[in-house]
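Letters A, B, ... mirror the listed sequences (proteins, then strands); counts begin at 1.
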Amino acid sequence: MPRIAQYNFKKIEKRWKDFWDRFFKVDTHTPGKKFYYLNMFPYPSGVLHVGHGRNYIIGDAFARYKKMQGFTVLNPMGFDAFGLPAENAAIENKTHPRDWTIANIEGMKRQFREWGIVYDWDREIRTCEPDYYKWNQWFFLQFYKRGLAYRAAAVANWCPGCQTVLANEQVIDGRCERCDSPVEKRKLTQWFFKITQYAEQLLRDLEKLEHWPERVKKMQYNWIGRSEGVEIDFGLEGSSQRLKVFTTRPDTIFGVTFMALAPEHPLVEEFLAQASDPAFRAQMEAFVQRALQQGEITRGAVSVEKEGFFTGRYAINPINNERVPIYIANYVLMEYGTGAIMGVPAHDARDFEFATKYGLQIRRVVESSNALDEGRWESEGGATREASQSPPPLPYEGSGRLINSGEFTGLTSAEAFRKIGEFLESRGQGRFAVKYKLRDWLISRQRYWGTPIPMIHCERCGIVPVPESELPVKLPDVPFIGKSGLAEIPEFYQTTCPHCQGPARRDTDTMDTFVDSSWYFLRFISPHERERPFDPEAVNRWLPVDQYVGGVEHAILHLLYARFFTKALRDMGLVNFDEPFARLFTQGMIEHLAYRCPQHNWIHPSEVREGTKCPHCGQELKVDLHKMSKSKRNTISPHDVIAHYGADTERLYTLFMGPPERDIEWTEEGVRGSFRFLNRVWNLVLSQARKLTDAGELNTAQFTERDRKVWQKLHQTIKSVTEDIESFHLNTAVSAIMELTNELTDYVTEQPKKINKALVKRSLEDLVLILSPFTPFICEELWRRLGHEDAIVDQRWPTYDPQALHASEREIVIQINGKVRDRLTVPGSVSEDRAELQRRALAQMQPRLAGKQIQKVIVVPGRLVNIVVGG
RNA sequence: GCCGGGGUGGCGGAAUUGGCAGACGCUACGGACUUAAAAUCCGUUGGAGGUGUCCCCUCCGUGCGGGUUCGAGUCCCGCCCUCGGCACCA
């Protein structure tokens, strides 16, 4: 055995690192097959770890593959550069958020280059640059003109840690998604985008997104939360007002025994004002205060004890004119429906709990009854009949047949829904209605590092938009101070009213950074436009994005906002498509072991001594798998991996380690396995390359049986790798290439003298070609060593010959009673012939079958023969 | 509670959608090479058992319990566990 050297990846990577840029410059005006590949652009938070790399490595591999298939591939990159971490870092380091951000961007661009990841950097976007955020402001003004941007006082989520408001979407379990502080409620006047206007479309169009993960669609579906019901006006005793409620169960209206108001409901204030007894009023006020307070603190808690307060007032049920007591209840939400509910204890678990606690009447009005039950009575007799007949236990939340419901008694729930709704509608006491959980998008942030909202507050003229000709409203170029944002910079906010020229004040809020990412994919098409956000003609040609890839953590926020923007822009005539992303793939996280000491918290793996002891105190460490993060000190630096094994090894391992959509553990052993494989490929190609100069023409007619097997394997591999890449099964694509490598290695070592050189040459070329999107450095080098002058990135992706997929011989499994008992090798032509297969199988199994009764023979052409015997 | 993933060797994971379970890789063990180690190469690696001519055989085995089928990791019914999303949504 010759001593085998490790390939010199350092030299190779240095040679090709800067070579590929020119192949990925895209002229968006060139016709041809376009392919818009897009990775979610990153927030420039610092140095990237191998977990971040997964997203971009998948993208680079996919883009290279598509390019080889002859597509004009647009694969741009940019930076989501506004946001809070920059401000926090700036405060900590006494610098400007811009300096920190720019430094990180430069570092990340170097990392992309080290990884061999190529983007068309002429199209780079940085959202913190005025030439980008100018258009955020422009869109804002267009939205404002159309009533899609509005200012309203609302109870907002206030994060005391970040000193700013948050969108509903940014509150996780009652805590800030960024800093984890408990979120408070504050009443503030803020800017909103009217995303609810598109609730129905956003929901309905999910159906169009065939190539989105089901999981993501479901999450959006639930988030939008559509429900169909009836809005019902109850009368108010002693008042001409009406009490409006929304219900999805109008069929249970005869079961109403109380009403409940949210503590924030406007009627509550009225009742308080009208209360004649001061002691009673004080009690009611105390209850309301407590409920409001509780709402803030326990938001997100699993279940809170239901509490209520009887207001002493009564409502009138429009269906039967019954008098029902009105309560204030902590479990009724102001933000959903009308902020008031009709209480039906018999058919709603929450109302049941409430009614039980306060001794309210519980009236059954729906009985489970359906044809299935009746059918069972006929066939199964006594016991079942009795069991089915006893009414279901309360609360019964299912549907059924109405009882105790006046003229509607006997109807099914579905019929009653419609009939009762129509009845109320005809009398002007109700109407069919659709409600959504989705709320409008609160975009104001009380921060510095974001897009200034282009509005001016004038004492005389009110709120005045900044004229479009004066955009962008730039962030003031002053030394960065601290937490209160633009409100502490008079140079910024002091201005004159565009209307009356009098003194006025600029809006000091900036926009949520999700505005930046809601349209960046459009800007990439024509990033240097100065007079408009993008070139609509080019955008309509290139969009929707053909393949979008990113983390599942953006399943709701970013993807919903981007869809909303697209629809709003379409309605403004700026684009002509409904959905921005045709295909979506969400990749999983990379995890790594993290070590935690009870005293010294997270310990970096390199510091851990003697197995699992803390280096500071010697205590036993707790070891757990976590996704890589700086805070848990379990990140792996790509720089280190590249120094040891090269960028190709990191890329290959990242793609091979497991299915890309799944979370997966990073292991050093796995990295070494990928490195070994690349060495094997290197040695295989180099051991043959020089011998192949006189290879001659490939002639399949001269193939030996062995040659034919290799040929088949080659074509099978091309087929499965192609299909696997298309479906993002990148791990199996790599393993197929490994199998081919093993087969070729066997072939050239078995009988080195007898190899078919033309076959070897073609096989090695195709091997290097199909491997090149994954490990471009080594493949570019090997391509040259195989005698080619031109770049591998510029080659065409190999295609397979369906003829070659079928071997001349096939192995057929012989089963007896479903168990494999033997095999049969037959020529390809025979493998499809049922009768012949059966004949041969029976003949071969003759000895075993002696004395057995053959009951049946099943033949699956090309696969197996199953002989069913008795006895 | 509701919705959606997922449960396969010591580990990450394959399995043409009903047709040879465990591809590919890792780990571990044995061997070759070496003064030695590393690297590399060869072999073994789901479990149990067997008088087993070297291409050996038998049984068991894909979270659990049933079912359909000639045949089930895959389909159906009923559970368990786990991860993620939503959650007093009327």
Can a cation-pi geometry be assigned to A:Lys306 and A:Phe354, taking NZ or CZ under 6.0 Å from the six-membered ring centre and within 45° of the ring axis?
no

Just compare B:G85, B:C60, B:A90 and give me whichever is closest to any side-chain atom of A:Asn222.
B:G85

Closest approach to the side chain of A:Lys218, judged atom by atom: which nucleotide of B:C3, B:A90, B:C86 is it?
B:C3

Please lay out, stage by stage, how A:Tyr358 and A:Glu307 fare under the test side chain to side chain donor-acceptor pair (under 3.5 Å).
CA-CA 9 Å; A:Tyr358 292 100; A:Glu307 282 177 48; 5.5 Å; no

So, under a plain 3.5 Å distance rule, would you say the side chain of A:Lys306 forms a donor-acceptor pair with the base of B:C88?
yes

Under 3.5 Å, is there a donor-acceptor pair linking the side chains of A:Tyr396 and A:Asp348?
no

Nearest of B:U58, B:G19, B:A14 to any side-chain atom of A:Arg863?
B:G19

Pairwise C1' distance for B:C11 and B:G65, with rounding to whole Å
29 Å

Answer syn or anti for B:G78, where the cut-off is 90° from 0 on the glycosidic torsion.
anti

Between B:G4, B:C86, B:U58, which nucleotide has the shortest distance from any of its atoms to the side chain of A:Arg821?
B:U58

Quick one: what's the B/S/- string for nucleotides 65-78 of chain B, heavy-atom cutoff under 4.0 Å, read 5' to 3'?
-----B--------

For atom C1', what is the distance between B:C64 and B:G73, given to the nearest Å?
15 Å

Note: for A:Pro659 and A:Glu739 on RNA chain B, the residue whose nearest nucleotide lies more 5' is A:Pro659

Report yes if some heavy atom in the side chain of A:Pro318 is under 4.5 Å from a heavy atom in the side chain of A:Asp233; otherwise report no.
no

Determine whether A:Asn731 and A:Met657 satisfy the following criterion, side-chain contact (heavy atoms from CB on, under 4.5 Å), listing intermediate values before the conclusion.
CA-CA 7 Å; A:Asn731 54 324; A:Met657 63 196 304; over 6 Å; no

Result for 5'-nearest mapping on RNA chain B, choosing between A:Thr745 and A:Ser735, is A:Ser735

Base of B:C26, side chain of A:Arg672 - is there a donor-acceptor contact under 3.5 Å?
no

Taking the side chain of A:Ile664 as heavy atoms from C-beta outward, which of B:A90, B:G13, B:G19 is closest to it?
B:G13

Report yes if the distance between the aromatic ring centroids of A:Trp666 and A:Tyr653 is under 6.0 Å, otherwise no.
yes

Looking only at B:C59, B:A90, B:U27, the nucleotide nearest the A:Arg676 side chain is B:U27

Taking the side chain of A:Val820 as heavy atoms from C-beta outward, which of B:A14, B:C20, B:C60 is closest to it?
B:C20

Is it the case that the side chain of A:Asp440 and the backbone of A:Thr196 share a donor-acceptor pair, with hydrogens and angles ignored and the cut-off at 3.5 Å?
yes

